[in-house]
Novice: 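Have a look at this one before I ask anything.
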Protein chains: 2
Amino acid sequence: MPYYRKKETSQIVEKGWAEFVGFLRQRGDRITHSRYIVFRRVLGQAEHFRADDLAARLISGPDRVSRGTVYRTLGLMVEAGFVRKVRGDDRHSHYEPVYGRGRHEHMICNRCGGIIEFEEPKIEPFIAEKCRELGFSASGYRVTVTGCCSNCKKDGAGLE
Amino acid sequence: MPYYRKKETSQIVEKGWAEFVGFLRQRGDRITHSRYIVFRRVLGQAEHFRADDLAARLISGPDRVSRGTVYRTLGLMVEAGFVRKVRGDDRHSHYEPVYGRGRHEHMICNRCGGIIEFEEPKIEPFIAEKCRELGFSASGYRVTVTGCCSNCKKDGAGLE
DNA sequence: ATTACTGCAAAGCATTTGCAAATGC
DNA sequence: GCATTTGCAAATGCTTTGCAGTAAT
């Protein structure tokens, strides 16, 4: 990854961290080194990640953070709106950073497990309208398409 | 529930069962009493249910089926397209019957946990188009809106 | 000084699995 | 009869939790 790219990412992370600090202060929670480590690492994720993977990596990193703390911090970050849970179809918790990233939806390949992101802004108005109609205050929404990606269609034979 | 209603439901279940039998035969799998019990019970569910709840109920029913079998049969039913997994945000598996029911989406209230179903057929074409564009063969899709339902807005004070 | 947080390791718990007995074909 | 299923119970493995020590305020 070119240096300038890294710099950009890093700036976003710092900005986010400042907001997270605000969130924690407001709740009377403490600003700790461990939380900083987890926060950086999470926002640095380019894509979806598994909580247990993240924990495993952080446990053996130079700035080690324990499993429990990783999970606890992840919970805080969800509450603060920096990440969201995604696709709980299997036994693991999946998350993805949402801070500083555009809205997008997901296609999940049942064959290879890959996740493709796509944008479809035209959907949003329909959802907003339905919410109005039903008196529902939406905090967010998620569109997930399941099936088989183009790569897997190439090699594998069967359907689905 | 009035009798005629029950009769209708029951007819749908029987029709579905006939299809499921076809599905199993085709795979060389067997038609068993346990599978019938689980199948009936699942299609009879009016709404979403938790796999572990269902298992617990079936274990202590008059036609008892073991936990393992419930999970295994549920898996078959997903493969056959009679049910789908829904909202895996917590630690439990949630399912809902889809056979004989119209396509619909979900709103999930973060306050009371309630699930509201709604229909929005206008979304489908956009998804189909995206799939074409990306060479993705969709087997299905899911739209989930999260937030706070009108009921909860009434009593509770806070946001979200 | 207080009080919250962390690391650790043990506990939880829904789901999966191995195996002997039962059952469908 | 033979192969698949079932029930059982134990194993799995991600996540949560209790506790004593540590760090933030």
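The basis for the numbers below is simple: all heavy atoms, side chains too, and nothing from hydrogens, waters or symmetry mates. A, B, ... follow the sequence lines: proteins, then strands. Residue 1 opens every chain. Computed from a prediction, not measured in an experiment: that's the story for all the values here.
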Novice: What integer distance in Å separates B:Phe39:CZ from D:dT5:C1'?
Specialist: 18 Å
Novice: Check for a donor-acceptor pair, side chain of B:Arg101 on one end and backbone N or O of B:Ala46 on the other, with a separation under 3.5 Å.
Specialist: yes
Novice: Examine the side chains of A:His94 and A:Arg50 and answer whether a donor and an acceptor come within less than 3.5 Å of each other.
Specialist: no
Novice: Can you list, pair by pair, the side-chain donor-acceptor contacts under 3.5 Å of residues 115-126 of chain B, counting residues two or more places apart and other chains?
Specialist:
| residue | atom | partner | partner atom | Å |
| --- | --- | --- | --- | --- |
| B:Glu117 | OE2 | B:His104 | NE2 | 3.4 |
| B:Glu120 | OE1 | B:Lys122 | N | 3.0 |

Novice: List in chain and number order the residues that pass side-chain hydrogen bond (donor to acceptor under 3.5 Å, both in side chains) with B:Tyr141, two or more places apart in sequence or in another chain; answer none if no residue qualifies.
Specialist: B:Arg103
Novice: To the nearest Å, give me how far apart OH (B:Tyr71) and P (D:dG7) are.
Specialist: 15 Å
Novice: Report yes if a side-chain nitrogen or oxygen of A:Ser93 is closer than 4.0 Å to either non-bridging phosphate oxygen (OP1 or OP2) of D:dC14; otherwise report no.
Specialist: no
Novice: For A:Glu133, give me all partners under salt bridge (Lys or Arg N to Asp or Glu O under 4.0 Å), at least two apart in sequence or on another chain.
Specialist: A:Lys130
Novice: At a cut-off of 3.5 Å, list every protein nitrogen or oxygen paired with a nitrogen or oxygen from nucleotides 23-25 of chain D, distance to 0.1 Å.
Specialist:
| residue | atom | partner | partner atom | Å |
| --- | --- | --- | --- | --- |
| D:dA24 | N3 | A:Arg30 | NH1 | 3.2 |
| D:dT25 | OP1 | A:Ile31 | N | 3.3 |

Novice: Under the rule for side-chain hydrogen bond (donor to acceptor under 3.5 Å, both in side chains), what residues qualify as partners of A:Arg40, not counting sequence neighbours?
Specialist: A:Glu14, A:Tyr36
Novice: For A:His48, which residues count as a ring pair (Phe, Tyr, Trp, His ring centres under 6.0 Å) partner, sequence neighbours excluded?
Specialist: A:His106
Novice: Measure the distance from CZ on B:Arg50 to P on C:dT15 and round it to the nearest whole Å.
Specialist: 8 Å
Novice: Tell me the bend of the helix from C:dA1-D:dT25 to C:dC25-D:dG1 as the angle between end helix axes, each from five pairs, rounded to the nearest 10 degrees.
Specialist: 40°
Novice: Reckon B:Ala55 touches a base, only the sugar-phosphate, or nothing at all at heavy-atom distances under 4.0 Å?
Specialist: nothing
Novice: Using the rule that two of Ile, Leu, Val, Met, Phe, Trp, Tyr join whenever any of their side-chain heavy atoms come within less than 4.5 Å, decide whether A:Phe39 and A:Ile59 are in one cluster.
Specialist: no
Novice: Taking side chain to side chain contact (heavy atoms under 4.5 Å, CB included) as the definition, give me every residue that meets it alongside B:Gln45, ordered by chain and number, with sequence neighbours left out.
Specialist: B:Arg41, B:Phe49, B:Leu54, B:Arg57, B:Pro97
Novice: Not counting sequence neighbours, which residues clear side-chain hydrogen bond (donor to acceptor under 3.5 Å, both in side chains) with A:Arg64? List them please.
Specialist: none
Novice: Between D:dT5 and B:Arg35, is there an OP1 or OP2 to side-chain N/O distance shorter than 4.0 Å?
Specialist: yes
Novice: Using whole Å, report how far CD1 of A:Ile37 lies from P of C:dC5.
Specialist: 17 Å
Novice: From CG of B:Leu54 over to P of C:dT15, roughly how many Å is that when rounded to an integer?
Specialist: 11 Å
Novice: Between A:Thr69 and B:Tyr95, name the one whose nearest nucleotide on DNA chain C is closer to the 5' end.
Specialist: A:Thr69
Novice: If you draw a 6.0 Å radius around CZ in A:Arg67, do more than 12 non-hydrogen atoms from other residues or ligands fall strictly inside?
Specialist: no
Novice: Tell me whether B:Leu76 shares a hydrophobic cluster with B:Tyr71, the cluster being built from Ile, Leu, Val, Met, Phe, Trp, Tyr side chains joined at under 4.5 Å.
Specialist: no
Novice: Give the cluster check for A:Phe82 versus A:Val98: same hydrophobic cluster or not, with ILVMFWY residues linked at side-chain heavy-atom distances below 4.5 Å.
Specialist: no
Novice: Which residues pass the side-chain hydrogen bond (donor to acceptor under 3.5 Å, both in side chains) test with A:Asp29, not counting sequence neighbours?
Specialist: A:Arg27
Novice: Looking at residues 59-66 of chain A, who's got a heavy atom less than 4.0 Å off DNA chain C?
Specialist: A:Arg64, A:Val65, A:Ser66
Novice: Dump every N/O contact between nucleotides 9-13 of chain D and the protein below 3.5 Å, one line per pair.
Specialist:
| residue | atom | partner | partner atom | Å |
| --- | --- | --- | --- | --- |
| D:dT12 | O2 | A:Arg91 | NH2 | 3.0 |

Novice: To the nearest Å, give me how far apart CZ (B:Arg72) and C1' (C:dT16) are.
Specialist: 9 Å
Novice: Taking the side chain of A:Ser34 as heavy atoms from C-beta outward, which of C:dG7, C:dT16, C:dT17 is closest to it?
Specialist: C:dG7
